[in-house]
Amino acid sequence: MLQRAAQSTRLPLVACADSVLARDLLASADLPLFVNSQMDGYAVRSSDVAGAGPDSPVRLRVVGSTHAGHGPGPEIDDDEACKVMTGAPLPDGADCVVPVEDTTVEDTTVEDTSVLVHAPRVAGEFVRRPGDDVRAGDLVIPAGTRLEARHLAAAASLGESGLDVRPRPRVGVVATGSELVAPGRPLEPGQIWESNSLTLGAALRACGCEVTATVISSDERDDFTAALDIATGDADLVVTVGAVSMGDAEVVRQVLADREGARFAPVAMQPGGPQGLSSWRDTPVVCLPGNPVSALVSFVVLLRPVILEAVGRVPVQTGRALLSRDVSSPAGKTQYLRAALVPGSAGAMSGPPTAEPVSGPGSHLVASMARADVLIEIPADVTSLAAGDEVVVVPL
Ligand SMILES: Nc1nc2c(c(=O)[nH]1)N[C@H]1C(S)=C(S)[C@@H](COP(=O)(O)OP(=O)(O)OC[C@H]3O[C@@H](n4cnc5c(N)ncnc54)[C@H](O)[C@@H]3O)O[C@H]1N2
Ligand code: MOO
Ligand SMILES: [Mg+2]
């Protein structure tokens, strides 16, 4: 259904956040790139300062200085030091750095400045060497990684200006309902503010999809087919929401259920029973139920896992929680109860959190769904659970 997501495309690094890496990124060079100072201080020979201490400072002649972005400064010999700033290439002849805090400068006015070193250093101290971080050829980011700030830091440090990532699936969304009005617009009697396209748009983006079109259609056939044409565009997938049940105005079902390969059938889950799968202009169309809770639950339970797999992301892990109160559950359908998660008590660091069901089971109870973090999954054959029972929870 989302084959394009298995291919790869090159994006500039600045646009890669949240994309999935298509190919392993191997280090093109050692990091750090060159030997450089870890501190602001003096590059010296460890053999010169081995005996240095608070009461036995060692005097070294300062032969020059260097900064980050400059050359390594003058080569040093025995009893010499070169002033270095953090990130500056280490001068030849030096094998360690004495931080400026462990030194005093006797006289900065004369040309032949000397520095007193008050602490011993061993070879390599406060020196950053190629390969300390990664070696050329090392695996830095494996294919399939969802790129975050830390991955971009690694790629940029290796000089990569772009990365091969999986293309984002392009998804068009059509919300149906003659009663729907964009939030913020005035309502006529019987109208409501539209929410499903926003919910699904956000949920799709959170899974790595690009939402290419969002169309609100009335329950009129012509309006809906025009909306489908727009949403299909160059999308890989269209998601419709609403008008799939058993009423007189089920325009989605009317237009899409008879198409070749279409399948409209109730799924044994609650909320989210009525579902459909069809196509329009060779683009797959997934049809979710219109009740706002059902729409999101259907997405989370049925569509999100498919999308995450297609884009190469790890699936959302289910968790375990203790039920806060007794619940009863109708038999025959897997039930998904909206619930708020309360972390386990401080004493029980690894103890499971508590899941507190929010609101009733009605799939129109959309505002109270905002309080839910998870869905409690109750198997079809379980009809009652008691407070304290362990349950499976699906993050929303
Ligand atoms: N006789 C039966 N009636 C219903 C059944 C059934 O099995 N037999 N199933 C119920 C269930 S369960 C669900 S879920 C809904 C699904 O209906 P539709 O997919 O046809 O959805 P609509 O009728 O278009 O809308 C349902 C409800 O949700 C509101 N809605 C729809 N879209 C939006 C939106 N974008 N934003 C906000 N609210 C929306 C709509 O106004 C309705 O109130 O069918 C039951 N009926
Ligand atoms: O199953 Mo409907 O999807 O609950 O309200
Ligand atoms: Mg309906």
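Counting convention: from 1, in listed order, for ligands and their atoms alike. All values derive from a computational prediction rather than experimental measurement. Position 1 is the first residue of the sequence, and the numbers go up from there.
- Of the possible donor and acceptor atoms, none in the side chain of R168 sits under 3.5 Å from a partner among the backbone N and O of E210.
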Ligand 1 polar-atom proximity to protein (N/O, under 3.5 Å):
| from | atom 1 | to | atom 2 | distance (Å) |
| --- | --- | --- | --- | --- |
| ligand 1 | 9 (N) | S245 | OG | 3.3 |
| ligand 1 | 19 (O) | A243 | N | 3.3 |
| ligand 1 | 19 (O) | V244 | N | 3.3 |
| ligand 1 | 19 (O) | G290 | N | 2.9 |
| ligand 1 | 20 (O) | A243 | N | 3.1 |
| ligand 1 | 20 (O) | V244 | N | 3.0 |
| ligand 1 | 20 (O) | S245 | N | 3.0 |
| ligand 1 | 20 (O) | E250 | OE1 | 3.0 |
| ligand 1 | 20 (O) | E250 | OE2 | 3.4 |
| ligand 1 | 21 (O) | A243 | N | 3.3 |
| ligand 1 | 21 (O) | G290 | N | 3.3 |
| ligand 1 | 24 (O) | A243 | N | 3.0 |
| ligand 1 | 28 (O) | G290 | O | 3.3 |
| ligand 1 | 28 (O) | N291 | N | 3.4 |
| ligand 1 | 28 (O) | N291 | OD1 | 3.4 |
| ligand 1 | 30 (N) | G290 | O | 3.3 |
| ligand 1 | 32 (N) | N196 | ND2 | 3.3 |
| ligand 1 | 35 (N) | E194 | OE2 | 2.7 |
| ligand 1 | 35 (N) | N196 | ND2 | 3.4 |
| ligand 1 | 36 (N) | S195 | N | 3.0 |
| ligand 1 | 36 (N) | N196 | N | 3.4 |
| ligand 1 | 41 (O) | E179 | OE2 | 2.5 |
| ligand 1 | 44 (O) | S245 | OG | 3.3 |

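- Protein atoms that are N, O or S and lie under 2.8 Å from the Mg ion (ligand 3) are these: E250 OE1, E250 OE2.
- The residues E80 and R61 are annotated as salt-bridged, a charged nitrogen and a carboxylate oxygen being separated by less than 4.0 angstrom.
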N/O to N/O under 3.5 Å, ligand 2 against protein:
| from | atom 1 | to | atom 2 | distance (Å) |
| --- | --- | --- | --- | --- |
| ligand 2 | 1 (O) | G272 | N | 2.9 |
| ligand 2 | 1 (O) | G273 | N | 2.8 |
| ligand 2 | 3 (O) | G272 | N | 2.6 |
| ligand 2 | 3 (O) | G273 | N | 3.2 |
| ligand 2 | 3 (O) | S294 | OG | 2.7 |
| ligand 2 | 4 (O) | Q270 | NE2 | 2.8 |
| ligand 2 | 4 (O) | S294 | OG | 3.4 |
| ligand 2 | 4 (O) | S363 | OG | 3.0 |
| ligand 2 | 5 (O) | N291 | ND2 | 3.1 |
| ligand 2 | 5 (O) | S294 | OG | 2.8 |
| ligand 2 | 5 (O) | S363 | OG | 2.1 |

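- Looking only at distances, no side-chain donor or acceptor of E309 sits under 3.5 Å from a matching main-chain atom of V306.
- T86 contributes a side-chain N or O that, together with a main-chain N or O of D40, makes up a donor-acceptor pair within less than 3.5 Å.
- For the pair T66 (side chain) and G71 (backbone), a donor-acceptor distance under 3.5 Å is present.
- Panel note: side chain R170, backbone D234; a donor-acceptor pair is recorded below 3.5 Å.
- Within 6.0 Å of atom CD in Q191, more than 12 heavy atoms from other residues, nucleotides or ligands are found, so the atom counts as buried in its surroundings.
- Between E377 and T318, the side chains place no donor N or O within less than 3.5 Å of an acceptor N or O (distance only, hydrogens not considered).
- A salt bridge links R45 to D77: one of the charged nitrogens lies within less than 4.0 Å of a carboxylate oxygen.
- Counted by atom type alone, S46 and D95 present one or more donor-acceptor pairs between their side chains at under 3.5 Å.
- In this structure, the separation between CG on D79 and OG on S47 is 8.5 Å, given to the nearest 0.5 Å.
- Residues passing the side chain to side chain donor-acceptor pair (under 3.5 Å) test with D102 are R121, sequence neighbours excluded.
- Checking side-chain atoms of S37 against main-chain N and O of M39 turns up a donor-acceptor pair under 3.5 Å.
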